[in-house]
Amino acid sequence: MVKTLLIVDDSKMSRMMIKAIVKEYCPDWNIIEAGSGEEALTVVEGKNIDIMTLDLNMPGMDGLTLGIQLQKQYPSAKISLLTANIQDSVRERVDAAGIAFIPKPITEDKIAQFVKE
Amino acid sequence: MLELSELEHDALTELFNIGMGLAASSLSQMVHEEIKLSVPHIKLTTRDMVVKLLAEETDNSISGIKQYFSGSFNGDALLLFPAHKSMELVRVLMGETLPLDALTEFEQEALSEVGNIILNACLGSLANSLHIEIAYQLPLFVQGGSDDLLDGSSDIILFLWVNFTLMEKDIKGYVVFLLGMDSITQLQQQIAILLREI
């Protein structure tokens, strides 16, 4: 089934890596990218999003705030926080929000497992 | 002057970010509280500018750890605190009950250990991401103004900088990597290899 994935990360390299892995496993998926939380809210307007990977530590709106906002907009979407900030307290806040937590660095295994679940 | 492309800059920022995330997790376990991280800053700049910036951020009285590293590229990694805050960090690490003179005795040892953990997490993560090996010398305790700390650094520096805050204690620290021109070229080559693999 063709799905739409939203990738939000201020690092272009990270977006490239995620996109390359997803394209390999799910070549027909639509991929939407944004470099910030604010941009993400603009680019999703009028679109159906099925899966999201959100970076946490970004200039401006952080990924968790964005994720909670997008959860309301897309209650059935699968959302993951993809972050280098692997502190237990951060992980607990992400868990409490009902959002999946994927620790960086980005690897093929982690992304493939998340999108295939 | 040598320049980093937008993508090289982006890649380096992200690698540094991942290293600092790991470092913050370790520090958080040591002090039992959350560490807030800034977005990393990376700048190819002059030694004088770095001296000025660090002086402004710390009232030019700094305590910290300096660790020389070598491998595919060489440089100095520094963990810096405003001097009056470093003692507070030692207090957090060693427990509130120790008297001040005992804490002073421990400052060098405690900061060396924190520096070792943080700087190794950052450098180790960078090395893993780039598939290279980096060797470190033992951490050195340093104290003084920013000019003293950067003594011996080359005139043009790749300055990687992130600040972190122990939220409950309001202790701010800085992790700084300094690389000279030759090492910048080497690092650029390593990043080019990484980007080609994507």
Side-chain angles (χ1 to χ4, degrees), chain A residues 7-25 31 33-39 53-66 80-96 101-112, chain B residues 4-42 117-118 121-122 124-131 160 162-168 175 188 190-198:
Chain A
I7 302 171
V8 187
D9 201 308
D10 59 325
S11 161
K12 188 178 176 187
M13 181 183 74
S14 290
R15 297 198 306 269
M16 284 165 63
M17 291 171 88
I18 298 167
K19 201 156 89 169
I21 297 165
V22 174
K23 283 276 172 207
E24 190 182 326
Y25 284 85
I31 297 176
E33 291 180 54
S36 69
E38 290 80 1
E39 189 190 348
T53 66
L54 316 175
D55 182 25
L56 178 69
N57 194 12
M58 297 184 284
M61 182 187 287
D62 70 79
L64 183 56
T65 306
L66 174 70
S80 170
L81 245 291
L82 199 63
T83 177
N85 194 337
I86 55 171
Q87 297 177 69
D88 291 344
S89 49
V90 174
R91 196 185 283 256
E92 283 160 15
R93 281 204 298 276
V94 174
D95 286 347
F101 185 95
I102 302 179
K104 283 187 178 179
I106 293 162
T107 63
E108 185 167 337
D109 289 353
K110 290 177 197 170
I111 300 299
Chain B
L4 293 176
S5 72
E6 194 184 330
L7 193 55
E8 286 169 344
H9 185 278
D10 174 280
L12 196 50
T13 307
E14 184 61 5
L15 296 180
F16 193 40
N17 187 38
I18 292 170
M20 260 323 282
L22 192 63
S25 173
S26 305
L27 182 59
S28 163
Q29 286 167 23
M30 290 172 80
V31 299
H32 308 293
E33 68 166 285
E34 185 171 350
I35 313 293
K36 188 167 189 266
L37 290 173
S38 76
V39 174
H41 302 278
I42 294 186
I117 289 167
I118 290 199
C122 266
S125 163
L126 190 66
N128 288 345
S129 300
L130 293 172
H131 309 299
L160 295 93
V162 66
N163 68 46
F164 60 92
T165 310
L166 276 69
M167 292 175 74
E168 282 171 34
V175 171
Q188 275 184 308
Q190 298 295 336
I191 289 172
I193 294 169
L194 177 74
L195 290 170
R196 272 203 300 274
E197 286 171 358
I198 296 175

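For the numbers below, each heavy atom of this structure counts, side chains included, while hydrogens, waters and symmetry mates do not. Order of the sequence lines sets the chain letters (A, B, ...), proteins ahead of strands, with each chain counted from 1.
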At a 4.5 Å cut-off on heavy atoms, which part of [X] comes close to chain A: side chain, backbone, both, or neither?
{"X": "B:Leu37", "answer": "both"}
{"X": "B:Leu195", "answer": "side chain"}
{"X": "B:Ser38", "answer": "backbone"}
{"X": "B:Glu6", "answer": "neither"}

Check your understanding: Hey, what do you get for CD (A:Gln87) to CG (B:Leu22), rounding to the nearest 0.5 Å?
Key ->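 Rounded to the nearest 0.5 Å, the CD-CG separation comes to 10.5 Å.
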Practice item. Give, for atom CG of B:Leu194 and atom CE of A:Met13, the distance between the pair rounded to the nearest 0.5 Å. Key: 5.5 Å
**Study point:** Residue part contacting chain B, namely of A:Arg93, when any heavy atom lies under 4.5 Å
**Key:** side chain
Check your understanding: Closest approach of A:Lys104 and B:Ile18, non-hydrogen atoms and distance?
Key -> CB-CG1, 4.0 Å
Practice item. Identify the two heavy atoms, one from A:Asp10 and one from B:Asp10, that lie closest to each other, and give their separation to 0.1 Å. Key: O-OD2, 3.6 Å
Exercise for review: May I ask you to decide whether B:Glu14 forms a salt bridge with A:Lys12, counting only side-chain N to carboxylate O separations under 4.0 Å?
Suggested key: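 Result for this pair is no, no salt bridge flagged.
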Exercise for review: Name the member of B:Ala24, B:Ser129, B:Ser26, B:Ser125 that forms the most heavy-atom pairs with chain A at distances under 4.5 Å.
Suggested key: B:Ala24
Practice item. Kindly indicate whether the side chain of B:Ile198, heavy atoms from C-beta on, has any atom under 4.5 Å from the side chain of A:Lys19. Key: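 They are not in side-chain contact.
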